[in-house]
Amino acid sequence: MLKPAQTTANTEANAVFRGAAMPWFFLLPSLLILAVFIYLPALQTLRLAAFKANLILGTERFVGLQNVTELLLSPAYRQVALQTLIFMVLTVTLGLLFSLGLAWLASRPIRGSKYYRLLLIYPYALSPAIAGTLWLFMFNPEIGVVNQLLGSLFSIKPRWLDDPILAFGLVVVAAIWKGLAYNIVFYLASIQNLPGDVMEAAEIDGATPAQVFWRVAFPLLTPITFFLVFTNIISALFDSFALTDILTRGGPYFHNAGITTFLVYQLYQDGFVNFKSGVAAAQAALMLVLVAFITFMQFKVGERRVHYGG
Amino acid sequence: MVGNTGVVKTDTLSPQAGKRGGRGPGRRGPSWPTHLALIVAVIIISTPLIFALIKATQASSQVISPNMLPGTSFMDNLSSIWVDAKLGRYMLNSTIVAICVTTGKTILALLAALAFVYFRFPLKSAAFTLVLLSLMLPTEVLIIALFDLVSRDLKWANTFAAIIVPFLASATGTFLFRQHFLNIPTSLADAARIDGCGPLRYLTRILIPMSWNTIGALAVIQFVYAWDQYIWPLVIVQQDEKQVVQVGLRKLIEVGGQTDWGAVMAGAIITMLPPLIVFTLLQEQFSRGFALSEDK
């Protein structure tokens, strides 16, 4: 688990082996890859954001902050940002709520709990692209099983992918479904590590099951919950690309943009479909700031909360 | 209802114990509501997969009908997609990429963690911060500049190097191994050093055998991550011959207006298998690897 609070603490404690060059020799492969494929592109992104560039033609013209201000003033981009935020809040809160509930139930000492756990976490092996493919077929308005069922039961055949509200809802539900297994894995591991004696003591003192959960277990699970909130935010921002690309292709048009066009999808569209590299790089720079802020908050919050686990 | 012959003393002591729906682990009570809730959840979670599995076995006339009975055309569907739609090629590519990325990441992360835990050297915390900060920079954010670098400067477009090399460094792996090594008593390393054992030997003979759970846990995460790669191969690989299976799926759906859904579902099922197999094989290590690091 990444526990930032502990990471720097006893770094200096044990220096067993000597040799000045040796550690650098071990670190070199990792640092080289990071420098070339992470840090260099990051700096390049910031530079590109200040240019009107065309990767295909190879032309560049310096425009300073113009790309960024254009983006911030663009109603389409602001809509995309707002949609991303709503999508993120819905998937993270609902996803974590369901995962915690299910992990808690599967941790109870009941017969076959081992099999329940396995059945809950195996969809972890499923990719966002496959999730998109399955849902695309299930919710196909003509031949999809959902509409065939709804058609025969209630004589309705909603146009799932053409109606903005339905398409957005569909993507939210699919994303939550896709994320469940990952969250359940981490919640299961944490619940199994809860101090059983503390909870037993609470029970002996007459706490109701609900009290044991909310007053004892839930606070002890805050560190993992915070970790999951942040990983889920990141995956709502980035992993949604494959899902939306296959399932809705950005979604039906709504006001100024496709309803399920989220930040990364817009970045991809501008960079690799419309070939507006400068504008795309400016979006990337804004996202970079966003991710930096999220990571900073993770460390801030993590530092304060991590001792709960004690 | 399951008859539980566990400890009874809590029941007599706790006035609430007789109540229905006890929740805390270790608590007794009727378990059928839990079973019911879990069964419903498992069914809901599995529905899309069961649906895909059934449709993958049906002939094309049944696939588009509401018929939910398994058919006998799985092999036909599979062969049509495996050869005609190049799924076999995509699968092979993805397998190569995922194995290379997983192995490379594990080795590099082990070496980096070794340096961070068992050496004292100048600029150590700076190097550590550099690894740490890389977590803030996902590929998706760097994709414009990365594309520029990999295709124009390195001329790696349409190569496996493009979808393997940039992902070989692992911050998560480095932290996880570092955390794990810090929990191993230093006296072990001291003894090894006094016996004339160098750091690399110490790593291969002592640390790695003590780290299988962590390695297993990490391998699952990294394999799944590498297998799921989508946006980067989508932009950097234009040749079908080199494409990975996730992007391949997209192409299968795109084919004209007439998607052969039975074949696509067969393809989706097959595409799920490698990560599922890795996950099943390493399930034990996966759970224990995390349980272990959660200890502190």
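Just so it is clear, the model here is predicted, and its values are computed rather than measured. Sequence lines set the chain letters: A, B, ... in the order given, protein chains first and strands last, and positions in each chain run from 1.
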Contacting region of [X] [heavy-atom separation from chain B under 4.5 Å]:
X         : answer
Phe98(A)  : neither
Tyr122(A) : both
Ile121(A) : both
Leu180(A) : side chain
Gln148(A) : side chain
Leu40(A)  : side chain
Ala242(A) : both
Leu31(A)  : side chain
Val36(A)  : both

Under the rule for side-chain hydrogen bond (donor to acceptor under 3.5 Å, both in side chains), what residues qualify as partners of Lys55(B), not counting sequence neighbours?
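Once residues adjacent in sequence are excluded, the partners of Lys55(B) under the side-chain hydrogen bond (donor to acceptor under 3.5 Å, both in side chains) criterion are Gln58(B).
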With heavy-atom distances below 4.5 Å as the criterion, would you say the side chains of [X] and [Y] are in contact?
X         : Y         : answer
Phe25(A)  : Leu111(B) : no
Leu119(A) : Ile45(B)  : no
Ile231(B) : Phe238(A) : no
Thr139(B) : Phe37(A)  : no
Thr133(A) : Arg250(B) : no
Phe241(A) : Leu234(B) : yes

Could you look at Tyr202(B) and say if it's the side chain, the backbone, both or neither that has a heavy atom under 4.5 Å from chain A?
side chain
Under a 4.5 Å heavy-atom cut-off, does chain A meet the side chain of Pro48(B), its backbone, both or neither?
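It is both, since atoms from each part get that close.
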Taking all non-hydrogen atoms of both residues into account, name the closest pair between Val141(B) and Ala284(A) and its distance.
O-CB, 3.1 Å
Parallel, tilted or perpendicular: ring planes of Phe147(B) versus Phe272(A), cut at 30 and 60 degrees
perpendicular
When the ring planes of Phe51(B) and Phe137(A) are compared, do they come out parallel, tilted or perpendicular, using 30° and 60° as the limits?
tilted
Kindly determine whether Tyr124(A) and Ile221(B) satisfy side chain to side chain contact (heavy atoms under 4.5 Å, CB included), including the steps that lead there.
CA-CA 10 Å; Tyr124(A) 175 63; Ile221(B) 292 183; 3.8 Å; yes
Just verifying a value: how many Å separate Asp190(B) CG and Phe17(A) CZ, rounded to the nearest 0.5 Å?
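One gets 8.5 Å once the value is rounded to the nearest 0.5 Å.
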Evaluate the side chain to side chain contact (heavy atoms under 4.5 Å, CB included) criterion for residues Gln44(A) and Leu149(B): first the C-alpha distance (whole Å), next the side-chain angles of each, then the deciding distance (0.1 Å), finally the verdict.
CA-CA 9 Å; Gln44(A) 183 72 352; Leu149(B) 172 85; over 6 Å; no
Between Tyr39(A) (side chain) and Leu130(B) (backbone), is there a donor-acceptor pair under 3.5 Å?
yes
Chain B contacts, top residue of Asp245(A), Leu288(A), Ile294(A), Leu286(A) (heavy-atom pairs, under 4.5 Å)
Asp245(A)
Select, from Ile246(A), Leu43(A), Leu102(A), the one with the greatest count of heavy-atom pairs under 4.5 Å involving chain B.
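Of the options given, most contacts go to Ile246(A).
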Pairs satisfying side-chain hydrogen bond (donor to acceptor under 3.5 Å, both in side chains), at least one member in residues 26-38 of chain A, at least two apart
none
